[in-house]
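Below is one structure, written out as structure tokens, with a few remarks after it.
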Amino acid sequence: VQLQASGGGLVQAGDSLRVSCAASGRTSSTYVMGWFRQAPGKEREFVAAITRSGGSTAYGDSAKGRFTISRDSAKNTVNLQMNSLKPEDTAVYYCAARPDWGLMSIVARPEKYDYWGQGTLVTVSS
């Protein structure tokens, strides 16, 4: 399984940005795709996760109300639409995949994901 993230960049506070991740390889391993982010000097933080059909989603506290995760099951891609961006959203955003859905205690933990993309940098200036 390979994950390829794209769409990062430099934006101003209040702007919107969409990052995407394309998965290739064994589709059974990418039933759940998620986004995490990591700012310099900080731990990797859960942003959002979604099942292949889009029927189940989960969001981290920092994403609720501003970010929307979506999935194109035909293309096996996952998108993260980020609105009202803040400087504290600055981080490298990583997509990840695992084969099963579960409680937040599972899908929000980076160590529970089997596959990771290379990350895409999002910088929000004030």
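Given the structure is predicted, the values throughout are model-derived calculations rather than measurements. In this chain, residues are counted from 1 in sequence order.
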Requested in this report: For the pair Y94 (side chain) and A5 (backbone), establish whether a donor and an acceptor sit closer than 3.5 Å, ignoring hydrogens and angles.
Outcome: no
Query raised in the report: According to a 4.5 Å side-chain heavy-atom criterion applied to Ile, Leu, Val, Met, Phe, Trp and Tyr, with indirect links allowed, do V78 and F67 form part of one hydrophobic cluster?
Result: yes
Query raised in the report: Say you draw a straight line from CG of L85 to CG of D15; how long is it, rounded to the nearest 0.5 Å?
Result: 7.0 Å
Query raised in the report: For the side chain of T30 and the backbone of A97, is there at least one donor-acceptor N/O pair under 3.5 Å apart?
Result: no
Requested in this report: Decide side chain to side chain donor-acceptor pair (under 3.5 Å) for R71 and N76; before the verdict, give the C-alpha distance in whole Å, the side-chain angles of both, and the deciding distance to 0.1 Å.
Outcome: CA-CA 7 Å; R71 188 88 180 253; N76 207 12; 3.0 Å; yes
Query raised in the report: Are L121 and M82 connected in the hydrophobic side-chain network, where two residues link if heavy atoms are under 4.5 Å apart?
Result: no
Requested in this report: Decide yes or no for W116 and C95: does some side-chain heavy atom of the first lie under 4.5 Å from some side-chain heavy atom of the second?
Outcome: no
Query raised in the report: Judged by atom type as modelled, is there a donor-acceptor pair below 3.5 Å linking the side chain of T123 to the main-chain atoms of L10?
Result: no
**Report entry** Interatomic distance, S29 atom OG to R98 atom CZ [nearest 0.5 angstrom]
**Finding:** 11.0 Å
Report summary line: Nearest heavy-atom approach of A49 to V32 is CB-CG1, 4.3 Å
Query raised in the report: Should we count CD of Q2 as having more than 12 external heavy atoms under 6.0 Å?
Result: no
Query raised in the report: Out of curiosity, R109 CZ to F36 CZ, how far, rounded to the nearest 0.5 Å?
Result: 10.5 Å
Requested in this report: Kindly compute the distance separating NZ (K86) from OG (S126), expressed to the nearest 0.5 Å.
Outcome: 14.0 Å
Query - Test item: S70 and Q81 side chains (from C-beta on) under 4.5 Å apart, heavy atoms - result: no
**Report entry** Cluster check Y59, F46: I/L/V/M/F/W/Y, side chain < 4.5 angstrom
**Finding:** no
Report task. Can you sort out the partners of R26 under salt bridge (Lys or Arg N to Asp or Glu O under 4.0 Å), two or more places apart, ordered by chain and number? Result -> none
**Report entry** Other residues, nucleotides, ligands: >12 heavy atoms within 6.0 Å of R18 CZ
**Finding:** no
**Report entry** Heavy-atom pair with the smallest gap, counting every atom of A58 and V107
**Finding:** CB-CG2, 4.2 Å
Query - Same apolar cluster: V122 and L80, side chain cutoff 4.5 Å - result: yes
Requested in this report: Measure from the side-chain N and O atoms of S20 to the backbone N and O of S6, and report whether any donor-acceptor pair falls under 3.5 Å.
Outcome: no
Report task. Starting from the C-alpha separation in whole Å, work towards a yes-or-no answer on side chain to side chain contact (heavy atoms under 4.5 Å, CB included) for M33 and L3. Result -> CA-CA 10 Å; M33 293 184 73; L3 305 177; 4.0 Å; yes
**Report entry** N83 CG to T68 OG1 distance, which is reported to the nearest 0.5 Å
**Finding:** 6.5 Å
Query raised in the report: If you round to the nearest 0.5 Å, how far is CD1 of I50 from CH2 of W101?
Result: 8.0 Å
Requested in this report: Answer whether the closest heavy-atom distance between the side chains of D100 and Y31 falls below 4.5 Å.
Outcome: no
Requested in this report: Of all the heavy-atom pairs spanning N79 and W35, show the shortest one and how long it is.
Outcome: C-NE1, 3.9 Å
**Report entry** Heavy-atom pair with the smallest gap, counting every atom of S84 and D89
**Finding:** O-OD2, 4.4 Å
Query raised in the report: Any link between I106 and I69 through a network of hydrophobic side chains (Ile, Leu, Val, Met, Phe, Trp, Tyr) touching at under 4.5 Å?
Result: no
Query raised in the report: Under the salt bridge (charged side-chain N to carboxylate O under 4.0 Å, His left out) rule, what pairs show up with a residue in residues 41-55, not counting sequence neighbours?
Result: R37-E45
